[in-house]
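As structure tokens, the structure follows; a few thoughts come after it.
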Amino acid sequence: MGEKTADFFYPISITEIEAIANQCREIGVDGICTIATDLGNITVSQVAERLGLVGNPVDVVDRSTNKHLMRETFARCGDPSPRSYVVGPEDDLSSLELDYPIIVKPVDRSGSRGITELDDAAGLAEAVTLAQSESFSCEAIVEEFMTGEEFSVEFCSWEGEHTFLALTKKFTTGAPGFVETGHLEPAPVSDETLDQVKTVVSHALDSLGVRYGASHSEVILRADGTFGIVEIGSRMGGDCIGSDLVYLSTGIDFTTAVIEVALGERPSLDPKGQPGVAAIRFVFSQTDLDALSDLKSSRPDMLEFESPMESFDHQVTDSSSRFGYYIMRADTLDELAPWLPREA
């Protein structure tokens with residue numbers, strides 16, 4: 001899509017940092033940013049550093065894209081985070097002191113790739129191998145599994161000042177892969193819960209050293225009423241959370257704010273649209289398409305966008321293999337509720 005819609009397109013791999021930096025020098029760019037990819041975030045920080053542009057320092061982005069470095073930072077700074085181990089191809093799994101259930105995932109990937117939840121030691125080696133195969137560094141992270149209700153949190157930062165934008169309720173397939181089936185904004189929580197998550201995430205952003213641009217935090221509300229941090233990315237949330245749901249639910253143009261920060265300007269975070277309730281539902285089966293058909297016939301005014309749909313000819317194993325999605329918006333949660341995905 002980017003190649004077809006960009007004003008200018010350069011066939012350079014996102015990992016070729018020097019080539020991108022050289023092209024940016026030739027163009028004379030005023031800013032560089034990414035939206036919702038960790039890999040792009042790494043490139044952005046490296047190029048911004050080389051060209052003297054606004055962005056988070058390279059070491060900050062390293063901590064927010066490498067889950068092991070992130071866990072070390074949280075442990076050192078007192079942020080609520082599960083105990084974890086990093087495992088390379090040659091490491092001995094028998095030496096790990098594990099309290100099950102655990103979750104195994106790549107140390108440096110996103111999009112639900114290579115994730116496995118285990119209730120006991122059976123399948124541990126296979127889960128680690130899968131995670132390592134999806135990892136850029138061939139490393140897996142093995143950590144305690146937090147149970148509870150899942151949310152994501154969107155902030156926008158300027159010179160170390162963090163502004164809360166939205167709390168998103170996550171719907172997933174559950175174990176073993178925890179692939180997102182949908183998202184809802186704003187999440188229906190109490191004011192007390194919302195204040196708590198703002199405090200927890202703001203402190204964690206300071207711990208990581210995030211100073212500029214979007215951040216996307218995934219958290220778990222545990223049974224005791226406290227939050228645990230799954231991970232934090234110093235970039236916008238994917239799955240159309242940052243690009244669409246934030247604007248539809250708050251009226252704040254998050255994408256423009258990210259661009260403004262990259263240009264060295266304080267972001268405009270005043271609502272430009274009417275706040276409401278927004279959701280995205282991903283297509284996994286005919287049931288999801290039937291719900292879309294019902295929405296079109298019953299409340300077509302609530303359908304904001306429908307993606308092209310792929311044929312059901314493969315298994316959904318991560319976020320990239322889902323068959324399609326549709327975005328909805330209403331004035332109230334009650335209006336939208338019949339078309340939300342079911343809880344896992």
Subject >> Sidechain N-carboxylate O distance under 4.0 Å for D239, K170 >> reply: no

Original post:
Do K169 and E149 sit within salt-bridge range, that is, some charged N less than 4.0 Å from a carboxylate O?
Top reply: yes

Cut-off 3.5 Å, side chains only: do [X] and [Y] have a donor facing an acceptor?
X	Y	value
D108	T65	no
T332	D334	no
D92	S94	yes

Original post:
How does the hydrophobic cluster around L194 look, that is, which other residues are in it when side-chain heavy atoms under 4.5 Å mark a link?
Top reply: V60, M70, F74, F151, V153, F155, F164, L167, V189, V197, V200, V201, L205, L208, V210, V219, L221, F227, I229, I232

Subject >> Residue pairs, two or more places apart or on separate chains, that pass ring pair (Phe, Tyr, Trp, His ring centres under 6.0 Å) and touch residues 193-214 >> reply: W158-Y212

Subject >> Residues which pass side chain to side chain contact (heavy atoms under 4.5 Å, CB included) with R299, listed by chain and number, not counting sequence neighbours >> reply: L295, D301, M302, E335, W339

**OP:** May I ask you to decide if A131's main-chain N or O and S135's side chain share a donor-acceptor pair within less than 3.5 Å?
**Re:** no

Subject >> For D38, salt bridge (Lys or Arg N to Asp or Glu O under 4.0 Å) partners two or more places apart >> reply: R235

Show me the side-chain donor-acceptor pairs of residues 8-16 shorter than 3.5 Å, one per line, residues at least two apart or across chains.
residue, atom, partner, partner atom, Å
S13, OG, T15, N, 3.2
S13, OG, T15, OG1, 2.9

Residues 242-251 side chain polar contacts: donor-acceptor under 3.5 Å, at least two apart:
residue, atom, partner, partner atom, Å
S249, OG, E185, OE1, 2.8
S249, OG, L245, O, 2.9
S249, OG, V246, O, 3.4
T250, OG1, V246, O, 2.5
T250, OG1, I252, N, 3.0

Subject >> Student check: side-chain heavy atoms of F284 and T173 closer than 4.5 Å >> reply: yes

